[in-house]
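All heavy atoms count here, side chains included; hydrogens, waters and symmetry mates do not. None of these values were measured; they are calculated from a predicted model.
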Amino acid sequence: MDVTLHLAQDPEADELLGRSPLAALVGMLLDQQVPMEWAFKGPWTIAQRLGADDLDAQEIAATDPESFAALLSAKPAVHRYPGSMAKRIQQLCQYLVDHYDGDASAVWRDATTGGELLSRLESLPGFGRQKAQIFLALLGKQLGVHPTGWREAAGSYGDPDSYRSVADIKGPDSLAKVRAHKQEMKAAAKAAKAAGK
């Protein structure tokens, strides 16, 4: 991996996401209940606070949980819920250590089909089906990971020329389109809920 991503909308944070498979996974894990840019800047903030230029799954997994939670909680906090997200990040890193020798890219490196890769992503702590499909679409659309059938496995997030998720963000214009799509989806869900009452 060595591409330019535009998810944190911050050059240093985006540079880390583009070269570090673990940073990209942690950013995706953090991408809930906070603005996307805040979530994807998190890996860079964590690395800075650890005094490192990248994240290390073995180091994070072995860190004292209270110390790691304090690191995420320091102002500005890495997430709205820094304590629970610190625990999730450590669970993710421990899983990577146990199953992939701490190498995040091994999750997708030798996957031969999109279905196999989706299954591997869904097995990661903190990754449900939707998050796994979005990350699969990000791998396929921006990081050059193309196992057979990856678009189908990613569901609608794999559609070309769509603006549904972080997988489609390549700059300010596409970010605005993804935001508009999400607002439309929220409005439709709200209308459907109101109609059902």
Heavy-atom closest contact (Arg109 atom, Ser105 atom, distance): NH2-OG, 2.6 Å
Nearest heavy-atom pair of Ala153 and Leu118: which atoms, and what distance? O-CD2, 3.5 Å
What residue among Asp31, Asp14, Asp10 forms salt bridge (charged side-chain N to carboxylate O under 4.0 Å, His left out) with Lys41? Asp10
Between Tyr95 and Asp98, is a side-chain contact (heavy atoms from CB on, under 4.5 Å) present by the stated rule, with each step listed? CA-CA 5 Å; Tyr95 184 90; Asp98 292 344; 5.8 Å; no
To the closest 0.5 Å, what do you measure between CD1 (Ile169) and CZ (Arg164)? 14.0 Å
Would you call Leu92 and Ile60 a side-chain contact if the rule is heavy atoms closer than 4.5 Å? no
So, do Gln94 and Pro125 sit near enough that their side-chain heavy atoms are less than 4.5 Å apart? no
Check whether Val97 and Val26 end up in the same hydrophobic cluster, where Ile, Leu, Val, Met, Phe, Trp and Tyr are linked by side-chain heavy atoms less than 4.5 Å apart. no
If you apply the rule side-chain contact (heavy atoms from CB on, under 4.5 Å), what do you find for Leu30 with Phe40, and how did you get there? CA-CA 7 Å; Leu30 291 168; Phe40 281 96; over 6 Å; no
Are Trp38 and Leu17 grouped together when hydrophobic residues (ILVMFWY) are joined by side-chain heavy atoms under 4.5 angstrom apart? no
Do Leu29 and Leu124 pass the side-chain contact (heavy atoms from CB on, under 4.5 Å) test, and can you show the C-alpha distance, the side-chain angles, and the key distance before you say yes or no? CA-CA 10 Å; Leu29 180 68; Leu124 297 174; over 6 Å; no
dist Ile89:CD1 -> Leu72:CG (nearest 0.5 Å) comes out at 5.0 Å
Report yes or no: does Gln142 contribute a side-chain atom to a donor-acceptor pair with the main-chain N or O of Leu139 at less than 3.5 Å? no
Donor-acceptor contact present, side-chain Arg120 to main-chain Val107, <3.5 Å: yes
How many angstroms lie between atom CG of Leu175 and atom CD of Glu37, to the nearest 0.5 angstrom? 5.5 Å
Without swapping roles, check the side chain of Gln133 against the backbone of Gly158 for a donor-acceptor pair under 3.5 Å. no
Test your reading of the model: is there a side-chain donor-acceptor pair from Ser119 to the backbone of Gly115, 3.5 Å cut-off? no
If I compare all heavy atoms of Thr63 with all of Gln90, which pair ends up nearest, and what's the gap? O-NE2, 2.8 Å
Within the distance-only criterion (no hydrogens, no angle test), does the side chain of Glu152 pair as donor or acceptor with the backbone N or O of Gly114 below 3.5 angstrom? no
In terms of hydrophobic clusters joined by side-chain contacts under 4.5 Å, are Leu25 and Tyr100 together? yes
With a cut-off of 6.0 Å (strictly less than), are more than 12 heavy atoms of other residues, nucleotides or ligands near CD of Gln48? yes
Run the side-chain contact (heavy atoms from CB on, under 4.5 Å) test on Leu143 and Leu5 for me, step by step, so that the C-alpha distance in whole Å, both residues' side-chain angles and the decisive distance to 0.1 Å come before the verdict. CA-CA 9 Å; Leu143 299 173; Leu5 295 178; 4.2 Å; yes
Does the Lys170 side chain pair with the main chain of Thr4, one donor and one acceptor, at a distance under 3.5 Å? no
Validation row: Gln32, Lys131 side chains within 4.5 angstrom (heavy atoms): yes
Distance from Glu122 atom CD to Phe135 atom CZ, nearest 0.5 Å? 14.0 Å
Is there a path from Met28 to Trp108 through hydrophobic residues (I, L, V, M, F, W, Y) whose side chains come within less than 4.5 Å of each other? yes
Shortest non-hydrogen contact between Leu16 and Ala47, atoms and distance: CD2-CB, 4.3 Å
Between Asp101 and Asp103, is there a donor-acceptor pair closer than 3.5 Å when you use the side chain of the first and the backbone of the second? no
Residues Leu55 and Ala23: closest non-hydrogen pair is CD1-CA, 4.0 Å
So which heavy atom on Ala69 is nearest to which on Gly83, and how close? CB-CA, 4.4 Å
Rounded to the nearest 0.5 Å, how far apart are CD of Gln58 and CG of Leu22? 11.0 Å
About how many Å separate NE2 of His79 and OG of Ser84, when rounded to the nearest 0.5 Å? 7.0 Å
Could you go step by step and tell me if Asp161 and Lys177 meet the salt bridge (charged side-chain N to carboxylate O under 4.0 Å, His left out) rule? CA-CA 11 Å; Asp161 305 316; Lys177 289 177 182 176; over 6 Å; no
Quick one: ring-ring contact (aromatic ring centres under 6.0 Å, His included) pairs with a partner in residues 138-191, sequence neighbours left out? His146-Trp150
Main-chain N/O of Leu71 paired to Arg49 side chain as donor or acceptor, under 3.5 Å: yes
